[in-house]
Every structure is written in C-alpha cells, then in structure tokens.
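Below: the structure, in structure tokens.
Just so you know, ligand 1 is whichever comes first in the structure, and atom 1 is the first atom listed for that ligand. Just so you know, these numbers use all the heavy atoms, side chains as well, and skip hydrogens, waters and symmetry mates.
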Amino acid sequence: MISIDNYNFNGKRAIIRVDFNVPLNDRFEVTDDTRIRAAIPTIKKVLAGGGSVILMSHLGRPKKNNDEKFSLKHIVSAVEALLGCKVIFAGDCMGEKAAELAASLKPGEVLLLENLRFYAEEEGKPRGLADDATEEEKAEAKKAVKASQKEFVKKLASYADCYINDAFGTAHRAHASTALIADYFPHDKMFGYVMEGELKAIDGVMLSPKRPFVAIIGGSKVSTKITIIEKLMEKVDSLILGGGMTYTFMGAMGGKVGNSICEPDQFPTAMAILEKAKAKGIKVLLAEDALIADAFSQDANTSEAPSNDIPDGWEGVDIGEKAKKAFREHILSCKTILWNGPVGVFEIDKFATGSKAVAEAIAEATAQGAYSLIGGGDSVACINKFGLADKVSYVSTGGGALLEYMEGKELPGVASIKK
Ligand code: AMP
C-alpha cells in the first residue's frame, strides 16, 4: 500500500475526499471548523511536495442540485483562512468548467468542488421517487442511477493523477467519492493523515490495548448500542454502562424507573449482556444512583435517587454523586479507555455534571499515562463542551464509521484503498 509520506506529488494533481460536512449558522458561517482543521496537514503535504489539490466533499443532505443552503461556497473563506492560501471554487463538481479548472491547476494551487451530493450519483441512490412508487419502479430508478454513477465516478477521476481518501466520517459508505473512485487509481491511491490517524488509534485500542481496558458506553438506548457492546465484550476487562440505557438494565433487574427512558423489549438483551459479562469475568459498572428531574429542561426540579428506585413522575437524567465517584475511581485504575456516548443528558447544563465528571476522570487518567479514545458523535460534542479534547489521547472524527470499524465490519472507504 502506498503511503502519503512516500508518494511523489511533484507536478501531480491530487483529488482528496475530505469531510467538510461542517455545521453552518443562519448566516452560513462555519460554527465548528474541526473537520476543516483536521484535513489541513494532508492538503499541505501535497502542496509542499509540489502538487496541486482538488478537494471534494459533501455538505448536509441536499435532495436536489444547486440547493444554495448546502453549497460548499459558504466554507471557502474558512478553508482559505486555515490553509493560508487562495482556494478556487468550482460551482459544479461535474461539467466543463470543473474539468477546465482542474486541468489548469498549477502546483501549489487548490480547487474546491461543489457539494458532491448535489448529484444523486454520489450516493448511488435514486431521488424524487413518488411515495407510492412500485417495487419495480424503485428497482428501475436504482438501476438508472447506478448506471449514470459510473460516468460520474469516471469524470471525477479524470480531474487528477492520484486519489487520497481523508474522510473517515464517510468511510463506511460505498459512495462514488469515498470508495468507487479508488479503482481508477490502482497505483496512486492512499489514505490521508486523518484516515491514517483514525485507523491507527482504533486498531491500537481494539488489537493491542494496554490493560486494564474499560469501555464507557452511554447514550440513550440499549437497542442502538447492543452490537458495539457485544463486540467490545470480546476485548475489554470492564464496561461502564451509563446514560438512558441504565434504566433498561434497572428495569430488567426488577427495579423501578419512574418516567426514565426505558426499553422493556430490550430486557432480555440487557440480562444477556450481564450474564455474558459475568461468564467472561468482565466487570460491569452501572450507575448506583441517578440525578432525577421532573421535566426535561434546565428549570426542572431535581433530586437524587437510587437508579432502581425512581419515583413516578421523575426521570433519571444523569448519574448521581455515588456513581460519579465510583466511575472516576474505576477510570483512574485503567490503562486504556474508550468512551462512546454521554452518561446523561449533557445538552442541558444542569444534567451535564455526570458526563463532565467522566470526561475529567478520563483526562486525569490520560495525564497519568493511560491511552484514551473518544468517539461517536455525542461524546465528541461532550468532550468539546468541557474543553477537554486536548487532554485525551485521541478524539475520533467518525460517528457511524467508528462504530462500524470497531464492530469489525469492513469499511468500503478503507477496503478500496487497501485492495
Ligand atoms: P447516543 O447518540 O445514543 O450516544 O445518545 C446520545 C444522547 O443520549 C444524548 O443526546 C443524550 O442527551 C442522551 N441521553 C443520555 N443520558 C440520557 C438519559 N438519562 N435520558 C435520556 N437521554 C439521555
């Protein structure tokens, strides 16, 4: 496999799949530039090597071409500011103009293509189907978009001499720009630094963790985390299970959970997890007590209660003081820490102190030499909210991609580079 560090970019045009799917405010300003920032080292590497760069990305979920709201033109100035050079913008990722701009790129120049998802061919999924479309119509439409997808991929590939995939966040999708395009560059395809960093960090944790290894899994529901919990049970020494799923476990064990989020249909799954953990000698920590609230808002009345004895009309919204202490002590005793999912409703400040305590304990353990990996949408927002992102070992940019990779699934964006 080719490495970005060994490839000769001199005089070459590199097409880079970046993840510039950044949040914008009402004035179309970038409100969090983490993803753009992450891609800069890869772009700079190509430019420093004497190459030119064609950037391609999606932004949001446009349902049609040229939907202003989703135009990547809004982020040009943010990319320029972080990169420290001018960025040429192609107002369409297809068409003559984009091809001309790509062909006339000089070494050191950067071109950004318009949102790839303005074309249904990027995802290869048909659009505009009537709600009452028959199975036959759906199949026809799918066939048509798959056929035109080939042309789409070929056209994108024609802009460049080499391909770099640096979009870990979309690596679990077999889209035109994330996987299919790689076939056009059998000897000139590679990962960028974001991808390399992600794979190294996750492989390190999943394949050769320093022990003891704890996984802290929070979030709202057991049903969405079951696959990852099962996979992690093959690797970890202990599990901290927090967030809304606490109450499914409590309910399964016969506890009273009041109005807390609870999935009775998952009771057998919850019991099976506990039994399997016991059989494997994996310690499971559930929050002994909870912060309870009478409403889901900042001005709700709050109190504390045992997690298995929550009064009616109240719901568990965060871990309690005893659980904070127990989780902290346990985290500090571990050498590898994986955190996915907040242990409370961290979006509401009053219910965020449990997740903050967990984040602080992880930072403290990291300072003492543990390796910590934070990943999966909300845990990243959480660690950022507490300003602790630079106090942990690695913050993954991938949500679904991270979970699928940890579950052991082959990611199309990874496989297409490796094959
Ligand atoms: P997930 O995407 O599954 O990781 O879930 C993250 C969401 O879980 C966040 O929006 C949290 O607000 C939510 N969450 C965490 N703890 C609870 C809880 N006790 N009750 C309801 N929602 C929760």
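Checked against a 3.5 angstrom limit, the closest N/O atoms of Val343 and ligand 1 fall outside it. Taking any N or O of Lys221, backbone or side chain, none lies under 3.5 Å from an N or O belonging to ligand 1. Taking distance alone, with nitrogen or oxygen atoms compared against 3.5 Å, Asn340 stays at or beyond that limit from ligand 1.
A donor atom on one side chain and an acceptor atom on the other are found under 3.5 Å apart for Gln266 and Thr269. Inspection of the Arg173 and His58 side chains reveals no N or O donor paired with an N or O acceptor under 3.5 Å.
Note on Asp289 versus Lys322: no salt bridge recorded, every NZ/NE/NH1/NH2 to OD/OE distance being 4.0 Å or above. Between Lys356 and Glu360 there is a salt bridge, since at least one side-chain N of the basic residue sits less than 4.0 Å from a carboxylate O of the acidic one. Ion pairing between a basic and an acidic side chain is recognised when a charged N comes within 4.0 Å of a carboxylate O; Lys138 and Glu135 show such pairing. Remark: Glu68 engages Lys73 in a salt bridge, criterion side-chain N to carboxylate O under 4.0 Å. A salt bridge links Glu122 to Arg17: one of the charged nitrogens lies within less than 4.0 Å of a carboxylate oxygen. Under 4.0 Å is where a charged nitrogen must lie from a carboxylate oxygen, and between Lys280 and Glu234 no such pair does.
Summary of contacts: the protein heavy atom closest to atom 19 (N) of ligand 1 is Gly316 O, 3.0 Å. What sits closest to atom 13 (C) of ligand 1 on the protein, heavy atoms only, is Ser220 CB, 4.1 Å. The nearest heavy-atom contact from the protein to atom 17 (C) of ligand 1 is Gly244 N, 3.3 Å. Closest protein heavy atom to atom 2 (O) of ligand 1: Asp378 OD2, 3.6 Å. At the top of the distance list for atom 23 (C) of ligand 1, counting protein heavy atoms only, stands Val345 CG2, 3.6 Å. Looking from atom 15 (C) of ligand 1 to the surrounding protein, the closest heavy atom is Gly344 O, 3.1 Å.
For Lys225, the heavy-atom gap to ligand 1 drops under 4.0 angstrom.
Residue contacts with ligand 1 for Glu347 involve side-chain atoms from C-beta outward but no N, CA, C or O (heavy atoms, distance under 4.0 Å).
Atoms of ligand 1 found under 4.0 Å from any heavy atom of Ile261 (numbered from 1 in listed order, with element): 20 (N), 21 (C).
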